Amino acid sequence: MKQLLVLIIPCLLLFGCKTSKSIEAMNFALQETLWTYSDSDWTYQVRFEKNGMLVTSHPNDTSKDNDTWEQHGEEVILKFNDGFSTYTGKMISSNVIEGTAKSKYATWKWRMERIE
């Protein structure tokens, strides 16, 4: 028993107890979740609906049926107004997504935090 402890304790000290699972390994699905989106200009809510559709509370969104999302492991891609602007992000935890967005006119950073 003493020999076993002599082997286990150095292993714990060397490797720790941290999990090595990535967000992708957790297979976290965004479908039917609600998030708060924010950037330097706006804060509003985003719901990831079935069939890759997005529903937002953005006050200037007058064409709500053409916003979509995709998830490829940790990568999340949002497209607003039939792809006029594309948001590419990475899930840095199961409750936070960060990324950059671009349109024909600008590029900016954004962040989303999970509400439910």
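Worth saying up front: this structure is predicted, and the values here are computed from it rather than measured.
Heavy atoms only, all atoms of each residue included: Ile115 and Gln45 are closest at CD1-NE2, 3.6 Å.
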Inset, instruction - Determine, stepwise, if the pair Leu78 / Met112 fulfils side chain to side chain contact (heavy atoms under 4.5 Å, CB included). - result: CA-CA 12 Å; Leu78 314 176; Met112 289 201 305; 4.1 Å; yes

Inset, instruction - For Tyr87 and Ile77, run side chain to side chain contact (heavy atoms under 4.5 Å, CB included): C-alpha distance rounded to whole Å, both residues' side-chain angles, the deciding distance at 0.1 Å, then the answer. - result: CA-CA 6 Å; Tyr87 296 62; Ile77 301 168; over 6 Å; no

Legend entry - Residue pair Met91, Leu30: steps toward the side chain to side chain contact (heavy atoms under 4.5 Å, CB included) verdict: CA-CA 10 Å; Met91 295 186 72; Leu30 292 172; 4.1 Å; yes

Inset, instruction - Check the pair Thr68, Leu54 against side chain to side chain contact (heavy atoms under 4.5 Å, CB included), reporting the backbone distance first and the verdict last. - result: CA-CA 5 Å; Thr68 61; Leu54 282 174; 5.9 Å; no

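Residue Asn60 qualifies as enclosed at atom CG: its count of foreign heavy atoms under 6.0 Å is above 12.
Counted by atom type alone, Ser63 and Asn81 present one or more donor-acceptor pairs between their side chains at under 3.5 Å.
Two residues are said to be in side-chain contact when any heavy atoms from C-beta on lie closer than 4.5 Å; Ser57 and Tyr37 fail this criterion. Contact of the Tyr44 side chain with the Asp61 side chain is not registered, since no non-hydrogen atoms from C-beta on lie closer than 4.5 Å. Side-chain contact between Glu74 and Ile92 is absent, with no heavy-atom pair separated by less than 4.5 Å. Residues Arg114 and Thr33 form a side-chain contact, since some pair of their non-hydrogen atoms from C-beta on lies under 4.5 Å apart.
Using a 4.0 Å cut-off between a side-chain N of Lys or Arg and a carboxylate O of Asp or Glu, Glu75 and Lys90 do not qualify as a salt bridge.
Two rings, from Trp69 and Phe80, have their centers 6.0 Å or more apart.
The cluster map of Ile, Leu, Val, Met, Phe, Trp and Tyr, joined by side-chain heavy atoms under 4.5 Å apart, puts Val46 and Trp108 in the same cluster.
Note: Trp42 and His58 have tilted aromatic rings, judged against thresholds of 30 and 60 degrees for the angle between ring planes.
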Please report, to 0.1 Å, the donor-acceptor pairs under 3.5 Å made by any side chain of residues 96-105, with sequence neighbours excluded.
{"from": "Glu98", "atom 1": "OE2", "to": "Arg111", "atom 2": "NH1", "distance (Å)": "2.3"}
{"from": "Ser103", "atom 1": "OG", "to": "Tyr105", "atom 2": "N", "distance (Å)": "3.1"}
{"from": "Ser103", "atom 1": "OG", "to": "Ala106", "atom 2": "N", "distance (Å)": "3.3"}

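For Glu49, the salt bridge (Lys or Arg N to Asp or Glu O under 4.0 Å) partners are Arg47, not counting sequence neighbours.
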